[in-house]
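When a ligand or atom number is given, it counts from 1 through the structure's own listing order.
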Amino acid sequence: MHVTAGVDFGGTNIKIGLVTRHGRVRQETVLPTQACRRPAAFVERVGVAVTSLLQRERRPCRLDGIGIGAPGLIDAAQGRIHRLVNVPGGWAGVALGQLMSRRLRCPCIVDNDANVVALGEWRFGAGRGAAHMVAVTLGTGVGGGLIIEGRLVRGATGSAGEVGHLPIRPDGPRCGCGSRGCVEAFVGAWALRRRAHALIRQHPGSVLAKLVARARGDFTPELLSRAARAGDRHARALWRDVGVELGQALAGLVNVLNPERLVIGGGVANAWPWFAPSLQRTVRERAFEVPARAVRIVRAQLDDRAGVLGAASLIWEQEVK
Ligand SMILES: [Zn+2]
């Protein structure tokens, strides 16, 4: 039996799975990122973990390759890390693809985690069957990935698909990337925290204020959804704004790329019922009529499996070249 290994390298955990061509995860395990945050430790521990997953299989199993989705700027063509976000440990310039390939004696492809999620959803999730797809991951940051003509688009230096840093308001709030008014500066979880706290100051008696106080001030987007569900009109208005802001950026992408599908995932996408209607409306109002009518805006389907499945798919994507 042939399998590929998919590695989802996150800030807290490293998820590893053996995946078949049909998208079945046969074996999986999780390592704490803390123990693998230096390149040499990562290569060694992931190498050991993949080998022991292979040994769990009763029948002989051939490893066709290993794909890694990592958080940061990656040169996928070279398998080299430019810079990782939220993982300290001297990764700049590390040729991870080459090191891992040598360790496991099989091909290794490394790519940005948002690209990998897009690939996973396209092959096995909400993007199946679409030749043109945009995936948006709403989390602490806002990531994205583009599939055009059935191929993942990486751009000249590997950073294509950074949907979160489309500017929607030139005088908007400062963004983590150094620019201003990016989508992420409005709808990233860190921006939602700032906006929720501003709401709480204005409306100290609101449901949201009570929920955040009960959580000892520890805001999560989930609290904002719970407040909306409980009828807090300020929380609902904030989610409506989020839909409009996201919709503005996505309307531009619909005009530029004419995708069949827009797939929205990530933790913040759990608030779908609260922001999707204004998002859909904004895209309809702002994009050209024909592409706006053609595009289906849907929720991601794979949740936290997208990383492992997409990373494993990097190997098959390579084959069709
Ligand atoms: Zn930005």
According to salt bridge (charged side-chain N to carboxylate O under 4.0 Å, His left out), does anything in residues 183-211 pair up with another residue at least two apart or in another chain? List the pairs. R195-E245

Stepwise salt bridge (Lys or Arg N to Asp or Glu O under 4.0 Å) test for R226 and E222: CA-CA 6 Å; R226 274 170 53 194; E222 171 61 22; 5.0 Å; no

If the condition is ring pair (Phe, Tyr, Trp, His ring centres under 6.0 Å), which residues does F9 pass it with, not counting sequence neighbours? F42, W91

Can you name the one residue among V163, V187, V263 that meets side-chain contact (heavy atoms from CB on, under 4.5 Å) with V136? V163

Heteroatom count (protein N, O or S) under 2.8 Å of the Zn ion (ligand 1): 4

Salt bridge (charged side-chain N to carboxylate O under 4.0 Å, His left out) contacts in which one or both residues fall within residues 88-109, not counting sequence neighbours: E44-R103

Should R62 and D64 be marked as a salt bridge (Lys or Arg N to Asp or Glu O under 4.0 Å) after you check the CA-CA gap, both sets of side-chain angles, and the distance that decides it? CA-CA 6 Å; R62 195 190 134 84; D64 285 343; 3.2 Å; yes

